[in-house]
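Side-chain atoms are counted along with the backbone in the values below, which use heavy atoms only and exclude waters and symmetry mates.
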Amino acid sequence: MITYEQLRQSPEIRTYITRADESLRALGFTEHSFAHVTRVSETAAYILGELGYDAHEIELAKIAGYLHDIGNLVNRVEHSQSGAVMAFRILDHMDMPPEDIATIVTAIGNHDEGTGVPVNGVAAALILADKSDVRRSRVRNEDFATFDIHDRVNYSVTDSALVLDTQKKTVTLTLTIDPEVAPVMNYFEIFLGRMIMCRKAADKLGLQFKLDINGQTLI
């Protein structure tokens, strides 16, 4: 079996992730490099692990998380689809079994809120892991005066966590937001679509999605 650790050691894949992030940097996007893909991989694994998925599916979720944004190398538009095609080629050349490639490619191709659907458990975990990665350290713009709304919202988040409660069957994104940097309403202005997608992903996993900001449950 091709493993997550093998992919992390691949110079070719590291190049694709680096160059994809460079493209997003040029476009003014927040960080989508190794910090982001590693966090998404680990969070997706945490979700499936807490829900009792087997080690094999957890490994597939980690791989999908690591590769999910490589399509930005081609273009930001429809990057989930182009990333899925790139992942197929990479994994096929590594002789990964077709059933595993299918699971990973499906998850990557469905992680974007514009067109994605949580069609299986791995895809649902990837969606929740990706959309919950909101944090100050993702902001690359060093000039606060020129922050756009995405910079302000991410920079306003001083603490974030995604917590799954198997007893209550809930998965909660907990955020601490500094209202002096961005009002809470700004979060919904840019992330409402993502939160709706998280709700659908949670439902696929038999969970209820909740959003807690500054100690108040808003969803």
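Side-chain atoms of Y66 and V40, non-hydrogen and from C-beta on, never get closer than 4.5 Å to each other. Using a 4.5 Å cut-off on side-chain heavy atoms (C-beta onward), M195 and F209 make contact. The shortest distance between side-chain heavy atoms of D69 and Y16 does not fall below 4.5 Å.
For the pair R136 and Y155, the cation sits on the ring face: its NZ or CZ lies under 6.0 Å from the ring centre, inside 45° of the axis.
With 3.5 Å as the limit, one finds a donor-acceptor pair spanning the side chains of T146 and N141. There is a side-chain donor-acceptor pair under 3.5 Å between Q81 and T115.
Judged by distance alone, the side chain of S160 and the main-chain N or O of V134 form a donor-acceptor pair under 3.5 Å.
Atom-to-atom distance recorded for R76:CZ and S82:OG is 10.0 Å, nearest 0.5 angstrom.
Between F144 and F147, the ring planes lie tilted relative to each other; the angle falls in the 30° to 60° range.
H79 and H68 have their aromatic ring centers separated by at least 6.0 angstrom.
The number of heavy atoms from other shown groups lying within 6.0 Å of CZ (R199) does not exceed 12.
Using a 4.0 Å cut-off between charged side-chain N and carboxylate O, R39 and E42 make no salt bridge.
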**Q.** Check against salt bridge (Lys or Arg N to Asp or Glu O under 4.0 Å), E31 and R135
**A.** CA-CA 10 Å; E31 179 268 325; R135 51 188 162 83; 3.0 Å; yes
